[in-house]
Amino acid sequence: MLWLSLILLSSFNYYVVDSEPNVPVVITTWWFSNATVKAWEVLKEGGTALDAVEQGASVCEVQQCDGTVGYGGSPDENGETTLDALIMDGTMNVGAVAALRRIKSAISVARHVLEHTKHSFLAGELATQFAVQMGFHEESLTTAHSKQLWLKWHNENHCQPNFWMGVKPDPTKQCGPYHEIKKNSFRDTQPEVHMIVDRYNHDTIGMVAVDSNGDVAAGTSTNGAKYKIPGRVGDSPIPGAGAYADNEVGGAAATGDGDIMLRFLPSFLAVEEMRRGASPTDATQTAVKRIAAHYPDFMGAVIALTKTGQYGAACHGIPTFPFVVQDKTRNVFEVITIKC
Ligand code: SD4
């Protein structure tokens with residue numbers, strides 16, 4: 001039976017004391033332990049980091065981790081769930097999908113983009129067509145739960161909160177279609193109610209792994225932001241924003257308010273900081289602080305792993321942030337919770 005230990009730390013650095021690299025190893029955002037267990041199974045059998053990340057994140061897509069990964073979560077303004085995912089290996093191979101419709105296995109479709117195309121990123125309805133061509137099953141991503149969420153938001157809450165700015169809604173429904181407000185008539189309109197971004201509508205799975213060969217991979221999968229404007233793409237599928245991997249250094253992955261975070265490429269920055277010699281904790285803190293300097297209220301976290309198996313994380317805008325680690329120094333996964 002798996003046990004789980006919780007360590008609360010305000011700031012920490014893990015170093016591998018002996019010269020042996022601490023590989024294989026996997027780290028995962030939040031408390032997505034089942035995904036971590038799956039990734040570890042792959043790694044400990046000698047599998048590749050890329051397989052570990054794909055198969056690990058796929059567990060969350062099937063189990064609908066926190067309702068924010070996979071089908072049946074975060075309905076958009078039309079009530080539809082769409083998925084964003086990315087997978088990258090440490091030799092700069094990338095596959096990503098965004099606003100993917102009617103296909104459950106987003107990270108596997110991303111892997112097919114990586115392995116079966118010379119492109120890096122496919123989006124929307126045409127990404128769905130690609131997936132179908134590759135043999136993926138097409139089905140609705142709506143569930144009774146996501147429908148219920150959407151009905152409440154639309155009918156009871158009159159489409160509030162939402163992500164619009166500087167527009168006026170249909171006066172009868174307080175919903176769309178929205179019309180642009182001319183600047184000088186702003187004061188005649190009701191104040192906007194902004195989407196409150198918190199961890200209940202932002203819980204991407206981000207995973208970074210190093211396999212026994214020392215190869216690195218990183219990936220993400222998410223259903224994005226609740227009540228997003230249809231077509232919205234977050235940070236998760238964007239290389240360098242949602243995740244990044246480089247065999248010379250290690251990898252990183254991010255979670256949080258993607259509309260803000262993607263402007264700063266925090267995963268890329270964390271990897272670059274580690275390349276300059278920073279510890280994973282310091283590297284992620286640099287990435288998070290860069291965002292907070294511009295957006296003090298943003299919510300997010302970054303995890304990072306070196307190619308030798310040191311790991312760390314930093315977060316902002318929530319009291320604490322958990323991430324999961326599994327390596328050969330522990331019999332079972334460990335959830336490490338840091339203070340933000
Ligand atoms: C997004 N970053 O689409 C994703 C959601 C998320 O942790 O991270 N959740 O904005």
Side-chain angles (χ1 to χ4, degrees), residues 27-32 35 57 60-61 63-77 80-87 96-101 106-107 110 121 123-124 127 141 146 149 161-163 194-208 218-244 252-270 284 287-288 291 295 297-303 313-324 337-338 340:
I27 61 172
T28 308
T29 53
W30 304 105
W31 36 75
F32 297 148
C60 257
E61 289 175 348
Q63 297 185 350
Q64 302 168 285
C65 287
D66 267 5
T68 51
V69 183
Y71 69 102
S74 305
D76 67 14
E77 286 196 333
E80 181 180 1
T81 296
T82 58
L83 306 178
D84 293 346
L86 163 70
I87 191 159
V97 288
L100 180 69
R101 308 178 75 185
I107 196 161
F121 201 147
L141 303 186
S146 64
L149 276 177
N162 62 52
F163 288 95
H194 290 295
M195 175 53 81
I196 297 156
V197 172
D198 60 27
R199 64 153 298 264
Y200 296 102
N201 60 12
H202 281 85
D203 272 8
T204 296
I205 181 165
M207 189 177 262
V208 189
T220 58
S221 184
T222 185
N223 52 33
K226 243 187 246 164
Y227 319 124
K228 60 193 172 189
I229 298 170
R232 179 263 190 193
V233 172
D235 59 323
S236 304
I238 296 173
Y244 200 69
T255 176
D257 181 353
D259 292 304
I260 299 299
M261 293 179 79
L262 66 76
R263 302 170 194 185
F264 297 87
L265 300 178
S267 296
F268 177 75
L269 180 54
T284 51
V288 163
I291 306 170
Y295 296 97
D297 298 332
F298 98 99
M299 191 289 289
V302 181
I303 58 173
C315 51
H316 185 86
I318 38 173
T320 59
F321 169 72
F323 68 102
V324 194
T337 301
I338 58 165
C340 302

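Read the numbers this way: they start at 1 and go in the same order the structure lists the ligands and their atoms. All of these numbers come straight from a predicted model, not from anything done at the bench.
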A.B. asks: Quick one: does I291's side chain get under 4.5 Å of H316's, heavy atoms only?
C.D. replies: no
A.B. asks: What I want to know is whether T204 and ligand 1 share at least one N or O pair that is separated by under 3.5 angstrom.
C.D. replies: yes
A.B. asks: S236 heavy atoms, cut-off 4.0 Å: which ligand 1 atoms fall inside?
C.D. replies: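 Those of ligand 1 that fall under 4.0 Å from S236 are 2 (N), 4 (C).
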A.B. asks: Assess T68 for proximity to ligand 1: is some non-hydrogen atom of it under 4.0 Å away?
C.D. replies: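 T68: no contact with ligand 1 (<4.0 Å).
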A.B. asks: Tell me, please, which residues at least two apart from C65 pass side-chain contact (heavy atoms from CB on, under 4.5 Å).
C.D. replies: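 Here the qualifying residues are F32, C60, V69.
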A.B. asks: Counting from 1, what ligand 1 atoms have a heavy atom of T255 closer than 4.0 Å?
C.D. replies: 6 (C), 7 (O), 8 (O), 9 (N)
A.B. asks: Please check this pair: side chain of E61 against backbone of I107, looking for a donor-acceptor N/O pair closer than 3.5 Å.
C.D. replies: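 It does hold such a pair.
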A.B. asks: So, for W31 and F323, is the gap between ring centers shorter than 6.0 Å?
C.D. replies: no
A.B. asks: Going by side chain to side chain contact (heavy atoms under 4.5 Å, CB included), L141 matches just one of T81, L100, T82. Which one?
C.D. replies: T81
A.B. asks: Could you say whether the N/O atoms of D84 and ligand 1 ever approach to under 3.5 Å?
C.D. replies: no
A.B. asks: Answer with side chain, backbone, both or neither: which part of T222 has a heavy atom less than 4.0 angstrom from an atom of ligand 1?
C.D. replies: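 It is the side chain that touches ligand 1; the backbone stays farther off.
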A.B. asks: Report yes or no: does a heavy atom of M261 sit under 4.0 Å from some atom of ligand 1?
C.D. replies: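 It does not; every heavy atom stays at 4.0 Å or beyond.
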A.B. asks: Which pairs would a plain distance check flag for residues 233-241, meaning a side-chain donor or acceptor within less than 3.5 Å of a matching protein atom at least two apart in sequence or in another chain?
C.D. replies:
residue	atom	partner	partner atom	Å
S236	OG	T204	OG1	3.2

A.B. asks: A254 versus ligand 1: do any nitrogen or oxygen atoms come within less than 3.5 Å of each other?
C.D. replies: no
A.B. asks: Output the list of atoms in ligand 1 that are nearer than 4.0 Å to some heavy atom of D235, sorted by atom number.
C.D. replies: 1 (C), 2 (N), 4 (C), 10 (O)
A.B. asks: Under a 4.5 Å cut-off applied to non-hydrogen side-chain atoms, are D259 and R232 in contact?
C.D. replies: yes
A.B. asks: Under a 4.0 Å heavy-atom limit, does K226 contact ligand 1 with its side chain, its backbone, both, or neither?
C.D. replies: neither
A.B. asks: Could you tell me, atom by atom, which parts of ligand 1 come under 4.0 Å of a heavy atom of G224?
C.D. replies: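 Numbered from 1, ligand 1 contributes 3 (O).
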A.B. asks: With distance as the sole test, does K228 use its side chain to make a donor-acceptor pair with the main-chain N or O of N223 at under 3.5 Å?
C.D. replies: yes
